[in-house]
2 protein chains.
Amino acid sequence: MTRKQEIIDTAKTLFRERGYKSVSMRDLAKVIDFKAASLYNHISSKEEILADIVLDVARYFTHEMNIIKSLNVDAKTQLEGVIKHHVDLTINNPEAIAILNNDWMHLEGKHLEDFKMMRDTYENDLRSIITQGIEHKEIAFQNIDIILFSILSTLRTLHLWYRKRSDLSENDLKKDITDILLKGILVKS
Amino acid sequence: MTRKQEIIDTAKTLFRERGYKSVSMRDLAKVIDFKAASLYNHISSKEEILADIVLDVARYFTHEMNIIKSLNVDAKTQLEGVIKHHVDLTINNPEAIAILNNDWMHLEGKHLEDFKMMRDTYENDLRSIITQGIEHKEIAFQNIDIILFSILSTLRTLHLWYRKRSDLSENDLKKDITDILLKGILVKS
DNA sequence: GTCTATAGATAGATAGAC
DNA sequence: GTCTATCTATCTATAGAC
């Protein structure tokens with residue numbers, strides 16, 4: 001592992017716990033037994049660390065969505081794919097998702113632009129999947145934006161909950177989240 | 001409106017947009033055409049402003065939950081009540097919900113303790129409602145914590161989405177959110 | 001590549017004049 | 001109750017010795 005990677009990994013933990021703005025370069029250096037000034041031999045600014053973390057995961061989501069779009073399968077299967085890659089990432093990189101959710105607005109310049117572009121594209125792709133599901137009568141509920149919002153809000157905050165329940169297996173988690181998002185909770189009447 | 005209330009209302013807007021840690025007392029003072037020092041004639045610290053905002057809304061949630069618990073109605077009706085007061089608050093005080101979600105960890109001392117206590121009590125009360133619904137066969141899905149998490153994550157982040165869609169009437173919003181959380185989205189098979 | 005020292009900006013908060 | 005002035009602490013980042 002490179003020094004830069006070590007810095008970024010440490011930052012992931014601290015940023016998640018206390019928020020980007022509350023973590024100083026001195027805090028970060030102390031954890032890896034450095035002086036703050038030395039960090040600058042490996043990274044160019046604090047914001048660069050944030051951008052590395054956030055844009056990396058944003059690019060992963062974009063990549064996964066492009067694969068799903070290329071599959072030519074029905075809406076339900078596509079939604080299952082979206083849920084699957086969110087759960088994967090929640091398990092493997094929960095810090096990055098938390099930081100993306102809470103601190104993306106502290107990105108600057110082109111980093112901020114790139115992030116917003118990827119986020120909006122992702123949301124539009126997911127909206128298209130839902131629209132297609134309604135057209136093909138796979139989805140009964142009619143308000144597209146409420147479906148989109150409900151799915152995304154659950155998937156984006158899954159990391160908060162998984163922390164307390166990391167005993168659950170990856171497959172059980174995928175199954176339960178998929179069921180609840182697609183089928184609801186009530187006994188069918 | 002008192003001066004203190006004016007300060008808090010201004011803080012609500014700024015804290016929501018940029019996060020508690022990114023807003024300085026000078027930023028806050030500038031908006032209401034004050035000098036930063038003058039703010040301290042009305043509030044004792046920056047953290048007190050945060051606590052006023054966050055604990056106020058936490059107390060509201062606690063109060064509403066206590067009313068629901070006292071009603072002696074079935075689980076479905078109780079869940080509808082929970083959704084209703086979340087939607088009400090999202091429409092009437094979205095800034096406070098956003099700040100509670102993002103910046104509660106910057107509360108200090110007793111403020112932090114009180115917040116955590118109210119949050120945990122609320123979650124436990126909601127878990128009891130869900131458990132009761134499963135016992136009485138109103139709820140089919142079996143994983144209590146996933147139901148709890150899914151409902152709360154959607155309700156807690158509703159403010160993000162309502163911003164873009166504030167054209168929707170309060171009643172339509174309550175109906176759609178209730179439907180999607182309780183009934184799911186797929187065509188019944 | 002890590003250090004000490006420090007520049008330069010900005011933070012929360014207080015003292016005291018008016 | 002609002003101001004100017006300022007204290008003390010802390011921030012990101014750089015300069016230059018080793």
Side-chain angles (χ1 to χ4, degrees), chain A residues 1-55 95 99 102-113 115, chain B residues 1-55 95 99-100 102-112 115:
Chain A
M1 182 156 61
T2 65
R3 270 274 125 101
K4 178 166 177 176
Q5 197 54 52
E6 188 183 3
I7 293 169
I8 289 176
D9 284 352
T10 307
K12 274 189 189 175
T13 306
L14 296 185
F15 289 174
R16 180 195 197 179
E17 290 310 319
R18 291 148 49 191
Y20 172 73
K21 282 284 181 182
S22 294
V23 176
S24 71
M25 296 302 273
R26 286 173 183 81
D27 295 332
L28 193 46
K30 186 170 260 178
V31 175
I32 51 181
D33 222 37
F34 256 42
K35 296 297 169 182
S38 307
L39 298 173
Y40 289 89
N41 281 308
H42 306 281
I43 50 100
S44 68
S45 72
K46 187 186 177 189
E47 192 267 351
E48 192 206 58
I49 301 175
L50 179 66
D52 261 34
I53 296 169
V54 172
L55 294 183
E95 300 87 358
I99 296 165
N102 298 327
D103 289 315
W104 64 267
M105 75 279 276
H106 299 121
L107 292 170
E108 297 166 14
K110 187 163 183 334
H111 292 153
L112 182 58
E113 268 179 56
F115 170 77
Chain B
M1 178 155 64
T2 64
R3 270 276 125 105
K4 178 168 178 175
Q5 198 54 51
E6 187 182 5
I7 292 168
I8 291 176
D9 284 351
T10 306
K12 274 189 189 174
T13 305
L14 296 185
F15 290 175
R16 180 194 198 183
E17 291 308 321
R18 289 151 46 190
Y20 172 72
K21 283 282 181 181
S22 295
V23 176
S24 73
M25 296 301 274
R26 286 170 181 83
D27 294 334
L28 193 44
K30 185 170 262 180
V31 174
I32 53 183
D33 221 35
F34 255 43
K35 296 297 168 183
S38 307
L39 298 174
Y40 289 89
N41 281 308
H42 306 281
I43 51 100
S44 67
S45 71
K46 188 186 175 189
E47 193 268 350
E48 192 205 59
I49 300 175
L50 179 65
D52 261 34
I53 295 169
V54 171
L55 294 182
E95 299 87 359
I99 295 164
L100 181 149
N102 299 328
D103 288 315
W104 65 267
M105 74 280 275
H106 300 120
L107 292 171
E108 298 165 15
K110 188 165 183 330
H111 291 152
L112 182 58
F115 170 77

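Just the heavy atoms: all of them, side chains too, but no hydrogens, waters or symmetry mates, feed the values below. Note that the structure is a prediction, hence the values are computed from the model and not measured.
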In 5'-to-3' order, the base (B), backbone-only (S) or no-contact (-) status of each nucleotide in nucleotides 12-18 of chain C, using a 4.0 angstrom heavy-atom cut-off, is BBB----

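The salt bridge (charged side-chain N to carboxylate O under 4.0 Å, His left out) check on B:D52 picks up B:K4, with sequence neighbours excluded. Among residues two or more places apart in sequence or in another chain, the side-chain contact (heavy atoms from CB on, under 4.5 Å) test is passed with B:S22 by A:K21, A:H106, B:R18. Residues satisfying the ring-ring contact (aromatic ring centres under 6.0 Å, His included) test with A:F115, not counting sequence neighbours, are A:W104. Listed by chain and number, the residues in a salt bridge (charged side-chain N to carboxylate O under 4.0 Å, His left out) with A:E6 are A:R3 (sequence neighbours excluded). Residues satisfying the side chain to side chain donor-acceptor pair (under 3.5 Å) criterion with A:E48, sequence neighbours excluded, are A:S44.
Look at NE2 on A:H106: it is 15 Å from C1' on D:dT12, rounded to the nearest Å. The CZ-P distance, from A:F34 to D:dT12, rounds to 17 Å in whole Å. Between the NZ atom of B:K30 and the P atom of C:dA11 there is a distance of 10 Å, given to the nearest Å. Rounded to whole Å, the distance from CG on A:L39 to P on D:dA13 is 10 Å. Residue A:D27 contributes atom CG, which lies 11 Å from atom C1' of D:dT10 at whole-angstrom precision. A straight line from CD of A:E48 to P of D:dT12 spans 15 Å, rounded to a whole angstrom.
Sorted by first then second residue, the salt bridge (charged side-chain N to carboxylate O under 4.0 Å, His left out) pairs that include residues 7-16 of chain A, not counting sequence neighbours, number zero. Pairs passing the salt bridge (charged side-chain N to carboxylate O under 4.0 Å, His left out) check and including a residue from residues 28-40 of chain B, sequence neighbours excluded, do not occur.
The two atoms that bring A:A11 and A:I49 nearest to each other are CB-CG2, 3.5 Å, heavy atoms only.
Within residues 7-18 of chain A, no residue has a heavy atom under 4.0 Å from DNA chain D.
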